S.K.: 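Input: one structure, supplied below.
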Amino acid sequence: MTASALRVGNASGFYGDRFDAMREMLTGGPLDVLTGDYLAELTMLILGRDRLKDPNAGYARTFLRQLEECLGLAHERGVKIVANAGGLNPAGLADAVRALADRLGIPVRVAHVEGDDRTTAHPGSLAAHAYLGGFGIAQCLRAGADVVVTGRVTDAALVTGPAAAHFGWAPTEYDRLAGAVVAGHVLECGAQATGGNYAFFGEGGAVRPGFPLAELHQDGSSVITKHPGTGGLVDVGTVTAQLLYETAGARYAGPDTTARLDTVRLTQEGRDRVRIDGVVGEAPPPALKVGVNRLGGFRNEVVFVLTGLDIESKAALVRRQMGAVFAESRPAHVDWDLVRTDRPDAPTEETASALLRLVVRDPVQEKAGRALSGAAVELALSSYPGFHVLAPPGRGTPYGVFETAHVPQDAVGHVAVLHDGRRVPVPAPRDTAALDAVPEPPLPEPLPPGPVRRAPLGLVAGARSGDKGGDANVGVWARTDDAWRWLAHELTADRFRELIPEARDLPVTRHTLPNLRALNFVVEGILGEGVAAQARFDPQAKALGEWLRSRHLDIPEALL
């Protein structure tokens, strides 16, 4: 066991992130471990389709190309690399990394983690994988691995595993593990913690934000920072935004521990340095989450451009004309969306135009393909004046559906495959606890009455939103104590539904996190069957928080 701080960096927040980030992180300053998150719900579907074409595929090939440039750098600097780029085939990626290292003449020890694959337990799925914890990674590192690749582990496990290995934490040291989970959640999306996608982006110079790193300590506390001289910023706001991203209530469950987000303390320790401490951990839940991806059928889309006068009537005509076609062979799902981007007396044709979006989905490709494309093209000379489309529809492309299942922790064969080939089983947690909701905390005293002004919510609050399957979350935080006193009473679940009409008939749950001066809203079902189905204009709810910030409320003038 060692008490020295562990410096863990991140070089990827998704499959397709900035290619040069690995080199930038290895050369920008000292590191002990460099992590990369390459997996998301949609990524697993993409890798599943890759594997259908080639059984040897199923991992993030970008990671290999990055290593070709950077494996020697990591070896020279003594930096361990831990990544979930193994996707559906961590053993295949581990072999590919070994072959690369041999070709480059770099003596590195490569290990991998497996046991997450549950596809055979879910007949009809393309890929079904349990979210494993960090102790398989820890086993590989303790045995001397230089590179560890995994399949579907939780994003935070890329940090909890190295921390447990470095500090010698036992599986029951929940507070320390929870601190690492919170740090891992901040790091997992790369530049989102350093000013990327930040509500107050004008403050951070986010033209090319650097990637984040965490200085982890024996007690589970950490400092989030970045390499000197890199772009963006790290402050309480950027860290708060990332903590709220794709979370829900006070209990943030994981395979190793449940972290209590209502205990997190954030302190600005200096420029680009935010301390995280006080995190309380609890025993993990008895079941692991399983992400199940299946092919849902075929999808097609056409966008009609409606220009000038009588927009509503033009849209109604197209709908009647297409409806006549669908009467003969109607797809299973037909969604129309009229987007009023037009302006009266517009100075350009583009700003005089609205967009009518038609999306169809069906298990049969013909119904989503030629039936739609033929009908839309045939309207070219027989519909509304000014008829044209942004692009002709194609043949229909496959789309996926993401679902969540659960499996008992002790039913999964979590295994660390060490660099020398030994297979070490990773035991399930000895203790577990049901994931009950935390009682809502008391609210702060409301602001005294005073004059108000109609203004956008975003003048006094930040927000960040994201997706979990068919649900979306919107985290909203105040920047001052007075703004928090107003926000906590003003932005109820009912007010949220008023401001976001798409949520009006959906279940909306509000979670209160006073330590972060934050509210987290979970909107069930707003994304339908999930991002891969692409039924909604913003299928991952990335901009849902910004829409909310643009809505107008009566805000106390004292806050403006």
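For this chain, numbers begin at 1 and follow the sequence in order. Since the model is a prediction, treat every value here as computed from it, not as a measurement.
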S.K.: How many angstroms lie between atom OG1 of T404 and atom NZ of K468, to the nearest 0.5 angstrom?
M.R.: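 Rounded to the nearest 0.5 Å, the OG1-NZ separation comes out at 8.5 Å.
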
S.K.: Looking at S222 and A183, would you say the former's side chain and the latter's main chain have a donor-acceptor pair under 3.5 Å?
M.R.: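 Not confirmed, S222 side chain does not pair with A183 backbone.
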
S.K.: Test the R61-Y59 pair against the cation-pi criterion, namely NZ or CZ under 6.0 angstrom from the six-membered ring centroid and within 45° of the ring axis.
M.R.: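 Judged by the rule, R61 and Y59 form a cation-pi pair.
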
S.K.: Report yes or no: does T194 contribute a side-chain atom to a donor-acceptor pair with the main-chain N or O of G232 at less than 3.5 Å?
M.R.: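 Checked: no pair found.
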
S.K.: Does the side-chain contact (heavy atoms from CB on, under 4.5 Å) test come out yes or no for I276 and L266, once each step is laid out?
M.R.: CA-CA 5 Å; I276 301 175; L266 302 180; 3.6 Å; yes

S.K.: How long is the gap from CG on L64 to CD on E69, to the nearest 0.5 Å?
M.R.: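 CD of E69 is found 12.5 Å from CG of L64.
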
S.K.: Give me the atom names and distance for the closest heavy-atom approach of V280 to T263.
M.R.: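 Shortest heavy-atom contact: N-OG1, 2.9 Å.
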
S.K.: Taking atom types as modelled, is there a side-chain donor on D37 or N84 under 3.5 Å from an acceptor on the other?
M.R.: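 N84 and D37 do have a side-chain donor-acceptor pair below 3.5 Å.
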
S.K.: May I ask you to decide if G144's main-chain N or O and R109's side chain share a donor-acceptor pair within less than 3.5 Å?
M.R.: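 Yes, the answer is positive, given that a donor and an acceptor are paired below the 3.5 Å cut-off.
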
S.K.: May I ask you to decide if the ring planes of F496 and F521 are parallel, tilted or perpendicular, using 30° and 60° as cut-offs?
M.R.: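 If you compare the ring of F496 with that of F521, the planes turn out parallel.
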
S.K.: Could R549 and F200 be counted as a cation-pi pair, given that NZ or CZ must be under 6.0 Å from the ring centre and within 45° of the axis?
M.R.: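 Judged by the rule (NZ or CZ under 6.0 Å from the ring centre, within 45° of its axis), R549 counts as positioned above F200.
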
S.K.: Heavy-atom count check: over 12 atoms from other residues, nucleotides or ligands less than 6.0 Å from R18 CZ?
M.R.: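 Yes, the 6.0 Å shell around CZ holds more than 12 heavy atoms from other groups.
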
S.K.: Judged by modelled atom types alone, do T247 and N520 share a side-chain donor-acceptor pair under 3.5 Å?
M.R.: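 A pair is found: one side chain offers a donor N or O, the other an acceptor, under 3.5 Å apart.
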
S.K.: Using the side-chain contact (heavy atoms from CB on, under 4.5 Å) rule, take L233 and D272 through it: C-alpha gap first, then chi angles, then the decisive distance, then the call.
M.R.: CA-CA 6 Å; L233 81 162; D272 293 324; 3.8 Å; yes

S.K.: So, does T240 use its side chain to make a donor-acceptor pair with the main chain of V236 at under 3.5 Å?
M.R.: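 Such a contact is found between T240 side chain and V236 backbone.
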
S.K.: Before you tell me yes or no, could you show the steps for L67 and M22 under side-chain contact (heavy atoms from CB on, under 4.5 Å), namely the whole-Å CA-CA distance, both residues' side-chain angles and the distance that decides it to 0.1 Å?
M.R.: CA-CA 8 Å; L67 283 188; M22 185 177 288; 4.0 Å; yes

S.K.: Given K80, which partner from the list V108, D146, I137 fulfils the side chain to side chain contact (heavy atoms under 4.5 Å, CB included) test?
M.R.: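 The single option meeting the side chain to side chain contact (heavy atoms under 4.5 Å, CB included) with K80 is D146.
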
S.K.: Whether the side chain of R251 engages the backbone of T258 through a donor-acceptor N/O pair (distance < 3.5 Å, no angle test) should be reported.
M.R.: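 Checking the backbone N and O of T258 against the side chain of R251, no donor-acceptor pair under 3.5 Å is found.
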
S.K.: Under 3.5 Å, is there a donor-acceptor pair between the side chain of R464 and the main chain of N197?
M.R.: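 Yes, because the side chain of R464 sits within donor-acceptor range (under 3.5 Å) of the backbone of N197.
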
S.K.: Is D155 salt-bridged to R152, going by a charged N under 4.0 Å from an acidic O?
M.R.: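 Salt bridge: yes.
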
S.K.: Salt bridge or not between R275 and D277? Use side-chain N to carboxylate O under 4.0 Å.
M.R.: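 No.
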
S.K.: Can Y174 and T257 be said to form a side-chain contact (heavy atoms from CB on, under 4.5 Å), step by step?
M.R.: CA-CA 6 Å; Y174 299 130; T257 183; 3.6 Å; yes

S.K.: Using modelled atom types only, decide if a donor and an acceptor are shared between the side chain of Q409 and the backbone of P285 within a distance under 3.5 Å.
M.R.: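 At least one qualifying donor-acceptor pair exists.
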
S.K.: Is H227 reaching over with its side chain to a backbone N or O of M25, donor-acceptor style, under 3.5 angstrom?
M.R.: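 Yes; judged by distance alone, with no hydrogens or angles, the pair exists.
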
S.K.: For the side chain of D538 and the backbone of A543, is there at least one donor-acceptor N/O pair under 3.5 Å apart?
M.R.: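 Looks like yes, one N/O pair under 3.5 Å.
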
S.K.: Once the angle between the rings of H185 and Y252 is folded into 0 to 90°, is it parallel (under 30°), tilted (30 to 60°) or perpendicular (over 60°)?
M.R.: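 H185 vs Y252 ring planes: tilted.
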
S.K.: Under a 3.5 Å cutoff, is there a donor and acceptor pairing between the side chains of D482 and T480?
M.R.: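 No.
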
